[in-house]
Amino acid sequence: MKNAEVAAMLEETADLMEIAGENPFKARAYRKAAETISALREPIEELVKKKQLHTIEGVGESIARDIAEFLQRGTTTRLEQLSKKYPTQLRTLLEIQGVGPRTVAMLYDKLKITTIDQLEEAAKSGKLTKLPGMGEQKVKNILEGIQLWRQHQGRIPLYIALEIAERIVNELKDLEEVEQILPAGSLRRWKETVGDLDILVATRKSQPIMEKFVNLPEVQKVLAHGPTKSSVMMDNNFQVDLRAVEPESFGSASQYFTGSKAHNIALRNLALKRGLTVNEYGVFREANGEKIAGETEESVYEAIGLIWIPPELREDRGEIEAAMNGSLPKLITIEDVRGETHSHTKWSDGFASVEEMAKAAMKMGYEYIAITDHSPPMGWGVKPEDFPKLIREIRMTSEKLSFPILAGIEVDIAPDGSLYMDEDILKQLDIVIASVHSAMKMDIDSMTRRILRAMENPLVHIIGHPTGRIINQRPPYEVRIDALIDKAQENGVALEINASPERLDLNDENAKAAKEAGIILSIGTDSHRPEHLAFIRFGVAIARRAWCEPQNILNTRSYSNLLDWLKHRRI
DNA sequence: GCCGTTTTCGGCCCGACTGTTTTCAGTCG
């Protein structure tokens, strides 16, 4: 599947077109096609073969030709011609805050600057100020932008962004001028990583709020400071924007700043078809400018003829059509979760006892918890001879607390697909999660075969963290998710949505594909401490982004219902 | 370059902030 490569080629073309100063709508057309293709589930090679490229929204004659050529020879004539005028490496310069395509073109035309190092040198030596439109302040901003670029790690994981957002909201919410405050943007959509924070306030007097915001102790640099919008860089190199609107516009503003960009564009286009314009201040009739909605998000969607769409769905993945014809899913909520399916104790690499974990589950209001400690060959895995003792402890604790505790295991899948635990022990356990923890660099066919074989074992209930990724640290191993989904359907195995905030695995897109195939997903926190049980909110967020309803999730079942499912698997 | 329950030509999401301008271009989200 070459969709990602094709999308990257189209992005590159769009960047170079903008640098070359071509019609901006042309560049936008390429960018739009790139977005659509990277979200496509079908391999684009198939569409080329079937001569169906034109069925992709935003792909016309020219882009179709580019795609076909790219798949054949790895580049396009258009790209070659563009890069004769402006070398491809110029694209890196666009990553500097405050440097856009017009500036990049000028830097190259006048000074032949192609790299960030050269840009830095030119800025320091005073060459830049001689260029038109370049003052001292702009040069200073570019130098700071370069410094930030060098430090910046890109998007940060959701759970860290959440902590920052909660801290800032706490510092601002008690100001008397603040009527409402809401972290919006990708954070509100619970996207797995967050590029920057958008915080929104409803107020009639924004100045004191903006003042306090730009002077927060953790602010490293003020990027912008106006009456309706301020932007700051925090000392961890994380950008936070604060926007202020009148209370009458809070609904449309929260809709607008929650995004995603693709969702908003689709929404606006729909509104335009109905003679309405939408902006952050409200919904207006095009004919006479009359405002017809804006105070609440519900009113905004209603004015456009839609029911309110939960933020997690706002990615332009079909939610607008679903809202139009009343087929939005009834998304799972955290209250629907009735138990924990994946947890560890001191028996392997956890930090608490069986009893402490069970008590934490009771405190969460759960009906049950599964203890699923590791197997060998993980150094800390429970040895086969120790399992009888572990099982006995689980049964006794369960009786003592009058709380259902499932005896389980997270067993390692060996490179050949066999399991690192004797079958007669697995048979004694209530629940078996099988996961890959080693030999992750296998090729895609071997890895797929490996996991499929584990799924064929009737003792296995759930495949744990099916792609092995650690967000921002380790990419997923190569595996055919589609094949796992097919096998899950065939054999009645569940795939996990691992809710550990560093994993979130399956991710939202894969989980959506699994949900659409009708397989069961299990949200497990992979808790190693009692407080980790709270990670469930991240797993539920992924499930919501995957359009899951309660019946798609294993641990929304009652205890007896869960036991039935676990036993059914073994008949 | 793409697209069409107003259009096969003429639009394409749109507003805020900054800096260098003296009326606006560039960048960003």
Engineer: When rounded to the nearest Å, what value does the distance between P atoms of B/dT20 and B/dG15 take?
Structural biologist: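 26 Å, rounded to whole Å.
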
Engineer: Just call it for A/I96: base, sugar-phosphate, or nothing, with non-hydrogen atoms closer than 4.0 Å on any strand.
Structural biologist: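 The answer is sugar-phosphate, as A/I96 gets under 4.0 Å only of primed atoms, P, OP1 or OP2.
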
Engineer: Atom NE2 of A/H54 and atom P of B/dC2: how far apart are they, to the nearest Å?
Structural biologist: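 Rounding to the nearest Å, NE2 of A/H54 and P of B/dC2 are 13 Å apart.
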
Engineer: Write down the distance separating the C1' atoms in B/dG1 and B/dT8, rounded off to the nearest Å.
Structural biologist: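 The same atom, C1', in both gives a distance of 15 Å.
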
Engineer: Can you list everything that forms a salt bridge (Lys or Arg N to Asp or Glu O under 4.0 Å) with A/R167? Sequence neighbours excluded, please.
Structural biologist: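 Partners of A/R167 under the salt bridge (Lys or Arg N to Asp or Glu O under 4.0 Å) test: A/E218.
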
Engineer: Among side-chain atoms of A/N170 and A/K173, is any donor-acceptor pair under 3.5 angstrom?
Structural biologist: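 The criterion, which ignores hydrogens and geometry beyond distance, is satisfied for A/K173 and A/N170.
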
Engineer: Is the base of B/dT5 syn or anti, if syn means a glycosidic angle within 90° of 0?
Structural biologist: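 Here the answer is anti: the torsion falls beyond 90° from 0.
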
Engineer: To the nearest angstrom, how far is A/I199 atom CD1 from B/dG29 atom P?
Structural biologist: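 From A/I199 CD1 to B/dG29 P: 15 Å.
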
Engineer: Taking only residues two or more places apart in sequence, or in another chain, which ones meet A/T129 in a side-chain contact (heavy atoms from CB on, under 4.5 Å)?
Structural biologist: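 Listed in chain order: A/V139.
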
Engineer: Could you state the atom-to-atom distance from CG of A/L53 to P of B/dC2 in whole Å?
Structural biologist: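 Distance check: A/L53 CG to B/dC2 P gives 11 Å.
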
Engineer: Please measure how far the P atom in B/dG4 lies from the corresponding atom in B/dC13, and state the result in whole Å.
Structural biologist: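 It works out to 14 Å between them.
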
Engineer: What is the distance from CD of A/E22 to P of B/dC2, rounded to the nearest Å?
Structural biologist: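 The distance from CD of A/E22 to P of B/dC2 comes to 13 Å, rounded to the nearest Å.
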
Engineer: Using whole Å, what does the distance between atom P of nucleotide B/dC28 and atom CG of A/L148 come to?
Structural biologist: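 Distance, rounded to whole Å: 13 Å.
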
Engineer: Rounded to the Å, how far apart are A/K273 NZ and B/dC3 P?
Structural biologist: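 In whole Å, B/dC3 P lies 12 Å from A/K273 NZ.
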
Engineer: When you look at NZ of A/K221, are more than 12 heavy atoms from neighbouring residues, nucleotides or ligands closer to it than 6.0 Å?
Structural biologist: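 Yes - once you tally the heavy atoms of other residues, nucleotides and ligands closer than 6.0 Å, there are more than 12.
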
Engineer: Got a salt bridge between A/E177 and A/R204, using NZ or NE/NH1/NH2 to carboxylate O under 4.0 Å?
Structural biologist: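 No salt bridge links A/E177 with A/R204.
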
Engineer: Taking the C1' atom in each of B/dC9 and B/dC14, what is the distance between them to the nearest angstrom?
Structural biologist: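 Roughly 23 Å separates the two C1' atoms.
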
Engineer: Reckon A/P24 touches a base, only the sugar-phosphate, or nothing at all at heavy-atom distances under 4.0 Å?
Structural biologist: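 Nothing, no heavy atom under 4.0 Å.
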
Engineer: Return whichever of A/A29 or A/F257 has its heavy-atom-nearest nucleotide of DNA chain B closer to the 5' end.
Structural biologist: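 Its nucleotide being nearer the 5' end, the pick is A/A29.
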
Engineer: Does atom CD of A/Q207 have more than 12 heavy-atom neighbours, drawn from other residues, nucleotides or ligands, at distances under 6.0 Å?
Structural biologist: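 Check fails, neighbour count at 12 or below.
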
Engineer: So which atom in A/M17 and which in A/R78 form the shortest heavy-atom distance, rounded to 0.1 Å?
Structural biologist: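 Between these two residues, the closest heavy atoms are CE-CD, 3.8 Å.
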
Engineer: Among all residues two or more places apart in sequence or in another chain, which pass the salt bridge (Lys or Arg N to Asp or Glu O under 4.0 Å) test with A/K49?
Structural biologist: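 Applying salt bridge (Lys or Arg N to Asp or Glu O under 4.0 Å) to A/K49 gives A/E46.
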
Engineer: Sugar-phosphate means primed atoms, P, OP1 and OP2; the rest is base. With that split, encode nucleotides 10-20 of chain B 5' to 3' as B, S or - using protein heavy atoms under 4.0 Å.
Structural biologist: --BBBSSSSSS

Engineer: So does A/E18 pair up with A/R31, basic N to acidic O under 4.0 Å?
Structural biologist: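 Looking at A/R31 together with A/E18, the answer is yes, because their closest N to O distance falls below 4.0 Å.
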
Engineer: For nucleotides B/dA16 and B/dT21, find the distance between their P atoms and express it as a whole number of Å.
Structural biologist: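 Comparing P positions in B/dA16 and B/dT21 gives a spacing of 25 Å.
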
Engineer: Work out how far the P atom of B/dT6 is from that of B/dC2, and round it to whole angstrom.
Structural biologist: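 Roughly 24 Å separates the two P atoms.
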
Engineer: Let me know the distance between CG of A/L131 and P of B/dT21, rounded to the nearest Å.
Structural biologist: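 Whole-Å distance recorded here is 12 Å.
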
Engineer: As a test of reading the structure: which of B/dG1, B/dC28, B/dT27 is closest to the side chain of A/Q97, going by heavy atoms?
Structural biologist: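 Of all the options, the side chain of A/Q97 is nearest to B/dC28.
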
Engineer: I need the CE-C1' distance between A/M106 and B/dT27, as an integer number of Å.
Structural biologist: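 Taking CE of A/M106 and C1' of B/dT27, I get 13 Å after rounding.
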
Engineer: Among residues 63-70 of chain A, which ones have heavy-atom contacts with DNA chain B below 4.0 Å?
Structural biologist: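 Only A/I63 qualify.
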
Engineer: B/dG29 and B/dT23: how far apart are their P atoms, nearest whole angstrom?
Structural biologist: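 Going atom to atom, P in each nucleotide, I get 29 Å.
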
Engineer: Has A/K112 got more than 12 heavy atoms of other residues, nucleotides or ligands less than 6.0 Å from its NZ?
Structural biologist: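 Counting other residues, nucleotides and ligands, NZ of A/K112 exceeds 12 neighbours.
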
Engineer: Taking only side-chain nitrogens and oxygens of A/R78, does any of them come within less than 4.0 Å of OP1 or OP2 of B/dG1?
Structural biologist: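 It does, given that an N or O in the side chain of A/R78 lies less than 4.0 Å from OP1 or OP2 of B/dG1.
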
Engineer: Hunt down the Watson-Crick or G-U wobble partner of B/dG10, both distances under 3.5 Å, from any strand shown, or write none.
Structural biologist: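 Base-paired to B/dC3.
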
Engineer: Apply ring pair (Phe, Tyr, Trp, His ring centres under 6.0 Å) to A/Y108 and list each qualifying residue two or more places apart in sequence or on a separate chain.
Structural biologist: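 A/Y108 satisfies ring pair (Phe, Tyr, Trp, His ring centres under 6.0 Å) with A/Y86 once adjacent residues are dropped.
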
